[in-house]
**Q** 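Submitted below is the structure of interest, expressed as C-alpha cells.
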Number of protein chains: 2
Amino acid sequence: MSANSRLTIAAHALTWIGLYQRRGHEVATSEQIATSVNTNPVVIRRLLGELSKVGLAVSRRGAGAGWMLARDLAAITLLDVYQAIEPGPVFALHRATPDPECVVGHGIGPAMAAVYDDVEAALRRELAKTTLEDVLRDVLKAA
Amino acid sequence: MSANSRLTIAAHALTWIGLYQRRGHEVATSEQIATSVNTNPVVIRRLLGELSKVGLAVSRRGAGAGWMLARDLAAITLLDVYQAIEPGPVFALHRATPDPECVVGHGIGPAMAAVYDDVEAALRRELAKTTLEDVLRDVLKAA
DNA sequence: CCTTGACGTAACCATTATTGTTACATTGAT
DNA sequence: ATCAATGTAACAATAATGGTTACGTCAAGG
C-alpha cells in the first residue's frame with residue numbers, strides 16, 4: 001500500500017505550533033515548522049491550509065504572519081486531523097465493475113463494502129482515542 | 001490515500017474458486033476468474049501467486065492446470081488474505097528524518113509509531129472477524 | 001514422445017498519489 | 001511604502017497499482 005506520511009506531518013506541525021505557543025509565541029511560520037519536520041515550507045503550508053479549512057488551524061497574513069492553533073491541543077484528536085487530510089478510504093472496491101452475470105461478481109461488492117465500513121469505523125475509533133495533547137506528552141516524556 | 005483494490009480482488013478470486021469447487025469442479029483457471037472480476041488473467045495469476053506463497057491457494061500446471069483452494073473458505077479470514085498481499089503499513093512516519101535537535105522532531109516518531117501500531121492492530125482484529133465463508137454467504141444472500 | 005492449455009514471470013505503459021521545488025501575486029502590520 | 005510570510009499554481013521525481021503483451025515452462029493425455 002502506498003503508505004503516506006500526511007497524518008504524521010500534520011500531527012507534527014500542529015504539535016509543534018502548540019508547544020511553540022505554550023512557550024509564549026504568537027504565531028509559528030511554515031519555515032520554522034518545515035525545519036523541524038525536515039521538509040519544504042510549501043509542504044507545510046499546503047497541509048496547514050487543509051487543516052485551516054476544517055477549523056483546526058488559523059493563519060495570519062501580512063507582516064507578523066504565521067500559523068496558530070484554532071483549538072487547544074487537548075481538543076484535537078488524531079481522527080480530526082485524519083478526516084481533514086485523508087480523502088479516500090483505506091480499501092477500494094473493484095476498479096472495473098465485475099461481471100454482473102456471475103453470482104460472485106454480482107454480490108461481492110456489497111459484501112466487501114460492509115466489511116470495509118467496519119474496518120474504517122474501527123480505525124476511526126482508534127484514532128479518536130489520541131489527542132494531540134497526548135502526543136505532546138509522549139514527545140516531552142521521550143526527551 | 002492510494003486506495004487499493006488488491007484485497008477486494010484477492011477475496012473475489014478465492015471466493016470464486018471456493019464456489020466453483022463446491023459445484024464439483026476440480027480447478028479454476030485464471031481466465032475464468034478474470035472474467036468474473038473483469039480484469040486481465042495476469043492480474044489474477046499475480047495475486048494468486050502471492051496467495052500460494054503463504055499457503056492459501058495452490059496451482060496446478062500442465063494440462064488441466066488451474067487453481068484450487070489450499071484450505072476451506074471457512075478457514076481463511078480476510079486478515080490471512082490481507083497479510084499475504086499488503087506489504088506496507090497504512091500510515092508511514094516521516095520520509096526524511098525530522099530535526100533531532102528539536103524536541104518535537106526528536107520525539108514525534110516514536111509517539112506516532114505507538115499510535116499507528118494500535119491502529120494496525122485494530123484493523124487486523126476487524127479483518128480477522130470475517131472469513132471467506134462469511135463473504136460467500138453474503139454473496140449468495142444478495143443473489 | 002509430442003501436442004496443448006494454462007501457469008509463472010518479465011517487461012512495458014498508463015494512471016494516480018505523494019512529495020519536493022521554484023516562482024510569484026497577495027496580504028497587512030509597521 | 002516596505003517587507004516578511006501566506007496562498008497557490010506549476011512542474012518534476014518517485015512509487016504503487018493495474019492492464020497488457022510476450023514467452024518460457026510444465027505435465028496430462030493422446
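Note on naming: letters A, B, ... go to the chains in the order of the sequence lines (proteins, then strands), and numbering restarts at 1 for each one.
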**Q** Heavy-atom contacts under 4.0 Å between residues 23-37 of chain A and DNA chain C, which residues?
**A**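 Output list: empty, so none.
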
**Q** Where the side chain of A/Asn4 is defined as all heavy atoms beyond and including C-beta, which of C/dT18, C/dG20, D/dT17 is the nearest nucleotide?
**A**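 Nucleotide nearest to A/Asn4's side chain: C/dT18.
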
**Q** Under 4.5 Å between any side-chain heavy atoms of A/Phe91 and B/Ser5, yes or no?
**A**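 Not touching, per the 4.5 Å side-chain cut-off.
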
**Q** If you check every side-chain atom of B/Asn40, which of D/dG7, D/dT20, C/dT19 has the closest atom?
**A** D/dT20

**Q** Check whether any side-chain nitrogen or oxygen of A/Arg45 sits under 4.0 Å from OP1 or OP2 of D/dT6, and answer yes or no.
**A** yes

**Q** Between the base of D/dC26 and the side chain of B/Arg61, is there any donor-acceptor pair under 3.5 Å?
**A** no

**Q** For DNA chain D, whose closest nucleotide is more 5', that of A/Ala63 or that of A/Ser52?
**A**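 Mapping each residue to its closest nucleotide by heavy atoms, the 5'-most match is A/Ala63.
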
**Q** Would you indicate, yes or no, if D/dG18 has its OP1 or OP2 atom less than 4.0 angstrom from a side-chain nitrogen or oxygen of B/Ser5?
**A** yes

**Q** Clusters formed by hydrophobic residues whose side-chain heavy atoms approach within less than 4.5 Å: which one holds A/Met68, and what are its other members?
**A**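 Traced through the cluster, A/Met68 reaches A/Val27, A/Val58.
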
**Q** Okay, side chain of A/Asn38, backbone of B/Thr97: is any donor-acceptor separation there less than 3.5 Å?
**A**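 Judged by distance alone, yes, a pair lies under 3.5 Å.
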
**Q** Identify whether the distance between the nearest side-chain nitrogen and carboxylate oxygen of A/Glu86 and A/Arg124 falls below 4.0 Å.
**A** no

**Q** Output the rounded distance in Å from CG (A/Leu7) to C1' (C/dT18).
**A** 14 Å

**Q** Taking the nucleotide of DNA chain C with the nearest heavy atom to each, does B/Leu48 or B/Ala96 sit closer to the 5' end?
**A**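 Final value for this comparison: B/Leu48.
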
**Q** How about B/His94: does its NE2 atom have over 12 heavy atoms from other parts shown lying under 6.0 Å from it?
**A** yes

**Q** Strictly under 3.5 Å: I want the nitrogen or oxygen pairs between protein and nucleotides 11-16 of chain C, one per line.
**A**
from: C/dA11; atom 1: N6; to: B/Arg46; atom 2: NH1; distance (Å): 3.3

